[in-house]
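Reminder, nothing fancy here: chain letters follow the sequence lines and each chain counts from 1.
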There are 2 protein chains.
Amino acid sequence: MNALAPRPVERGRPAGRTTRQRSAVRRVLDDCADFVSAQALHERLATTDLPVGLATVYRTLRELERAGHLDVVRDKTGERRYRKRPDDGHRHYLICRACGRSRPVESQAVEEWAERTGRLSGYAAVEHIVELTGICTRCRRDKPERPDGGHG
Amino acid sequence: MNALAPRPVERGRPAGRTTRQRSAVRRVLDDCADFVSAQALHERLATTDLPVGLATVYRTLRELERAGHLDVVRDKTGERRYRKRPDDGHRHYLICRACGRSRPVESQAVEEWAERTGRLSGYAAVEHIVELTGICTRCRRDKPERPDGGHG
DNA sequence: GTTTTTGCAAAGCTTTTGCAATCCG
DNA sequence: CGGATTGCAAAAGCTTTGCAAAAAC
């Protein structure tokens with residue numbers, strides 16, 4: 001559930017090799033364009049021409065995360081979910097606790113607050129985590145709230 | 001690292017029995033007045049007149065959390081840390097990634113942003129998670145940054 | 001005297017790691 | 001070829017759960 005702060009990024013670091021597995025992971029991330037857990041990714045890939053090992057999925061995600069290509073979120077169970085980050089910078093999201101679907105929200109106010117608070121505090125390398133969860137209009141009609149935040 | 005949103009709280013629910021163990025847990029939480037992990041709590045209690053089992057610590061924390069008495073945060077390792085919530089409502093914190101110490105920050109701007117964003121979205125029961133991390137002035141001089149956010 | 005709570009050990013989950021086999025360049 | 005990468009299974013953590021013994025009211 002935590003949309004990542006603008007990391008003091010390690011962008012531009014050695015990219016590693018381009019393997020079929022890594023490409024496959026990126027492709028799925030692009031395709032769904034919503035938050036997915038490592039395990040879900042692994043399952044989707046399992047039904048593919050090129051199944052990818054769970055460990056590799058995790059490793060690839062960690063890499064993409066470090067490179068600043070992903071927004072990351074943690075649900076109440078502690079599971080991490082990943083979503084492709086737009087090229088023009090990180091986003092914050094409003095995530096439905098019932099169906100798991102996410103939408104980016106306007107967050108300039110928080111960005112400014114975070115920047116200002118960090119600056120005034122005298123702390124170095126201040127990062128922020130901000131996220132919103134709720135029940136979307138559709139789910140409010142249809143389903144009961146799931147405790148974990150949905151979207152296995 | 002997530003400072004909890006103003007829960008659609010379950011306050012005022014049956015409080016359960018008052019046992020020596022639960023009192024002990026609350027006492028430690030009051031004493032340190034900073035974020036502590038369940039395991040750290042358990043260790044502190046271990047050296048006491050009344051050691052408390054780890055499972056009991058977890059159960060007590062879960063209860064206090066549900067009752068809205070705690071602010072909760074998750075570090076990068078996924079470990080949860082708990083801190084007594086002031087009586088007048090939840091806070092957001094700036095936490096030092098090196099030493100783990102936390103200080104509440106002024107957060108009216110975020111509160112308003114969250115409220116407004118939730119209202120405009122049409123989502124129900126919107127909750128927010130907001131937190132800041134950085135390196136405090138003292139640690140900037142003294143120690144190197146720890147990867148996990150400190151305070152074992 | 002019931003009902004709740006405790007404690008221990010075992011189980012559950014997600015994520016990480018060791019290492020031989022494999023692949024990329 | 002040589003070093004990076006994959007996969008599997010095992011290991012690591014944190015947290016939860018089952019169940020008999022103990023405590024609370």
Side-chain angles (χ1 to χ4, degrees), chain A residues 1-2 13-28 35-46 48-67 70 72-82 100 146-152, chain B residues 1-2 13-28 35-46 48-67 70 72-82 100 146-152:
Chain A
M1 304 190 158
N2 333 318
R13 59 213 288 287
R17 289 182 180 170
T18 301
T19 67
R20 290 170 303 158
Q21 287 87 343
R22 289 178 186 171
S23 305
V25 171
R26 300 177 86 127
R27 198 177 314 127
V28 176
F35 284 95
V36 213
S37 70
Q39 317 232 21
L41 259 162
H42 175 243
E43 279 175 30
R44 290 202 196 192
L45 288 163
T48 300
D49 289 358
L50 181 71
V52 178
L54 184 55
T56 299
V57 172
Y58 275 110
R59 285 186 281 234
T60 305
L61 287 170
R62 203 169 27 178
E63 230 180 56
L64 290 172
E65 186 184 350
R66 282 198 196 125
L70 299 176
V72 187
V73 131
R74 235 197 245 278
D75 69 16
K76 271 162 190 153
T77 76
E79 195 180 42
R80 281 208 263 276
R81 307 224 181 132
Y82 305 83
R146 275 210 273 158
D148 62 293
H151 238 207
Chain B
M1 303 197 166
N2 334 319
R13 59 211 290 287
R17 289 181 178 170
T18 300
T19 66
R20 290 171 302 157
Q21 287 86 341
R22 288 178 186 170
S23 305
V25 171
R26 300 177 85 129
R27 199 176 315 128
V28 176
F35 284 96
V36 212
S37 70
Q39 316 232 22
L41 260 161
H42 176 243
E43 279 176 29
R44 291 202 196 192
L45 289 162
T48 300
D49 288 358
L50 181 70
V52 177
L54 184 55
T56 300
V57 172
Y58 274 111
R59 285 186 282 234
T60 305
L61 287 170
R62 201 168 30 178
E63 231 181 56
L64 291 172
E65 186 183 352
R66 282 199 195 124
L70 298 177
V72 187
V73 131
R74 234 196 244 283
D75 69 17
K76 270 160 191 153
T77 76
E79 194 180 44
R80 282 209 262 278
R81 308 227 180 129
Y82 306 82
R146 275 209 275 159
D148 62 291
H151 237 208

Can you see if the side chain of [X] gets near the phosphate of [N] - specifically, an N or O under 4.0 Å from OP1 or OP2?
X	N	result
B:Gln21	D:dA24	no
B:Arg20	C:dT6	no
B:Arg59	D:dT17	no
A:Arg81	C:dT14	no
A:Arg62	C:dT17	yes

Return yes if some donor-acceptor pair links the side-chain N/O of A:Thr56 with the main-chain N/O of A:Val52 below 3.5 Å, else return no.
-> no
Under 3.5 Å, side chain of A:Arg22 to main-chain N/O of A:Arg17, donor-acceptor pair present?
->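 Yes; at least one donor-acceptor contact below 3.5 Å.
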Round to the nearest Å and state the distance from [X] atom [atom1] to [N] atom [atom2].
X	N	atom1	atom2	result
A:Lys76	D:dT15	NZ	P	16 Å
A:Gln39	C:dT16	CD	C1'	13 Å
A:Leu41	C:dT14	CG	C1'	14 Å
A:Glu65	C:dT14	CD	C1'	14 Å
B:Tyr58	D:dG13	OH	P	13 Å
B:Leu61	C:dT6	CG	P	12 Å
A:Phe35	C:dT14	CZ	P	18 Å
B:Leu54	C:dG12	CG	P	18 Å

Would you kindly check whether a donor in the side chain of B:Arg17 faces an acceptor in the base of C:dT3, or vice versa, at under 3.5 angstrom?
-> yes
Hey, does A:Leu41 have a side-chain heavy atom less than 4.5 Å from the side chain of A:Leu61?
->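 Yes, their side chains come closer than 4.5 Å.
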Could you please name the option among C:dT14, C:dG25, C:dG7 that lies closest to any side-chain atom of B:Val52?
-> C:dG7
Give the nucleotide from the list D:dT15, D:dA9, C:dT15 with an atom nearest to the side chain of B:Arg80.
->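 Selected nucleotide: D:dT15.
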Over all heavy atoms of both residues, which pair between B:Arg81 and B:Phe35 is shortest? Give the atoms and the distance, please.
-> O-CD2, 3.5 Å
Pairwise distance OH(A:Tyr58) to CD(A:Gln39) - rounded to 0.5 angstrom |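 Rounded to the nearest 0.5 Å, the OH-CD separation comes out at 4.0 Å.
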With DNA chain D as reference, determine whether A:Val57 or B:Thr19 sits nearer its 5' end, using the nearest nucleotide of each.
->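 With A:Val57 and B:Thr19 compared, the 5'-side residue is A:Val57.
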